Amino acid sequence: MSRFNLIDEKWIPVRFLDGSRGELSIQDVLLRAKEVAAIEDQSPLIVAALHRFLLAVLYRALEGPTDIDQAKKLFRDGLPSEKVRVYLEKWKDRFWLFDEKYPFGQIPNFEPSTWRSWTVLAAEHNADNAKVLFDHVDVEAPGTISESAAARWILATQTFSVSCGKSELAHTGTAPSATAAIILPMGVDLQDTLLFALIPENREIAGGDRPLWEREPEAVETLRQGVKRASSGLADRYTWRIRSIRLAQDNFGRVEKLAFASGVEDSSVDQVDPMLGYRINDKYGKLPIQFRDRGLWRDFDSLLPDQSQLAPQVIEHALRLTRSNLARFPRSVLVLGQANNKAKIEYWRMERFALPEALTGNRSVRTEIRQLLQEAEDVQKYLWLACRSYARNLLSRGEREPDASDIKKFVAQMPTDSWYWSVLEARFHEILQHYSFDRDPEDIRCQWLQFVKDALSQSWEQHRILVSTGDVWAIRALVKAEGPVRAKLRELDEEILKLTPAMEGA
């Protein structure tokens, strides 16, 4: 018997413009998008997956946009309600979460050799490889989850599954964008957020683009032999079946167990994902921007448009739509995703950045911000030299030359570098707010250099305070080491002084 239709049931978590929260169906979230501030969930992976899913629905319901003129008309007039209703009614039978023939996002006849816990869907709870810190779900007795939670996690796991190597069906590897940082410009309401990311798709490609629910589910035997194909378009890519899933419901309609194995392998080559930023690697060519331990803010310039055309297309599209209507300019951008070490998920993350308003003008904001970040990196090198000198002098205890690996390990455990970057991270978010049309770039740079100088001074001073309670060897090593820091502070003072007249005259 068919149960829980996603078009009508409430399962998408949202925050409304008045601050209240609730859940909406597919139809309601699209038709009431101007009443919704944002899609919100405690999992960044679910937030990203839900946006990509709704974009796939819109691409098919609107049959476009296929050019910038159509996109601008949508932005001006809003989402056409009737088109959305007609499309959802046409495909309603494909959106039952439980159904004998077309269970949403699932393989209907998949009978696994072993039924697995629902936690396999959730990176936050899956303990197949390593238990997540502070997660207290017992995989042997995890309890159950609701239909709405199961639907959300099906989308998240199809978007973010990484290759794990063990499956009773043919191995299909990692989802197309599973390890990339997904970029989402945020509008004044959900409608604008979706329209910013609904970039025009080539008319010929759009005509053949088929999302998950418009395709016949693959046969289990076919999946066992291996299925590999190229993506037909963005709706297909945003709803890719990287895993074969079948939910098992209990007598109350809740989910405890499921079938879970490999799905369809993506053979697309060099397909650009509009929600990703890219970089050029000397060996592998164009690669997506990923989260790194150092913090994505230190690579923030890579998300901003320039002539390289490596920035996320969704940001470029948002700028095109709002240049003549700055009141709807996206004031912030969400960056969502995860970091992995092979099959092990190390962390998942959601970061929010202010989007510089000056991007809509003629200035090369990306170049300006790259310069600021590079100056911070250059100054950090002097801090590292001081820390290395301190470690070497402390470990030598006289004339003995310590081993290079010992010096490296000692520097790595010093908190000085972490202090420096943590102070600057907060300052960087502050400096982004100043990129308006009426703020002079040299004025911003002067302020940033002051922030960098303060961060260098404070982090070294923290180190000095810690060492001051040490023995004579530590104090002697400190005095010998601080030369590079003092020299760099003087250089920064001189540079700030040169820029100050320009700032005062602004």
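A quick note: this is a predicted structure, and the numbers were derived from the prediction, not measured.
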- [ ] May I have all residue pairs that pass side chain to side chain donor-acceptor pair (under 3.5 Å) and include part of residues 204-213, sequence neighbours excluded?
- [x] Tyr87-Trp213, Asp209-Ser232
Open item on the list: Between Arg94 and Glu216, does any NZ, NE, NH1 or NH2 come within less than 4.0 Å of an OD or OE carboxylate oxygen?
Closed with: yes
Task: Side-chain (Ser2) to main-chain (Asp99) donor-acceptor, under 3.5 angstrom - done: no
Open item on the list: Is a donor from one side chain sitting under 3.5 angstrom from an acceptor on the other, for Thr172 and Arg241?
Closed with: no
Task: Donor-acceptor pair between Ser43 and Asp41 side chains, under 3.5 angstrom - done: no
TODO: Give every residue pair that meets the salt bridge (Lys or Arg N to Asp or Glu O under 4.0 Å) criterion with at least one member in residues 46-60, sequence neighbours excluded.
DONE: Arg52-Asp273, Arg60-Glu214
TODO: Working to the nearest 0.5 Å, report the span between CG of Leu373 and CD of Glu368.
DONE: 12.0 Å
- [ ] Go through the side-chain N and O atoms of Thr66 and Arg203 and say whether any donor and acceptor fall under 3.5 Å apart.
- [x] yes
Task: Sequence neighbours excluded - side chain to side chain donor-acceptor pair (under 3.5 Å) pairs with any residue from residues 308-323 - done: Asp306-Ser308
Open item on the list: Parallel, tilted or perpendicular: which one describes the rings of Trp297 and Phe428, with boundaries at 30° and 60°?
Closed with: tilted
Open item on the list: Looking only at the side chains, is there a donor atom on one of Asp417 and Gln380 sitting less than 3.5 Å from an acceptor on the other?
Closed with: yes
Open item on the list: For a quick check under 3.5 Å, do Thr222 and Glu218 share a side-chain donor-acceptor pair by atom type?
Closed with: no
Open item on the list: Does any part of the side chain of Arg279, heavy atoms only, come nearer than 4.5 Å to the side chain of Asp299, both counted from C-beta?
Closed with: no
TODO: Decide yes or no for Ile12 and Ile26: does some side-chain heavy atom of the first lie under 4.5 Å from some side-chain heavy atom of the second?
DONE: yes
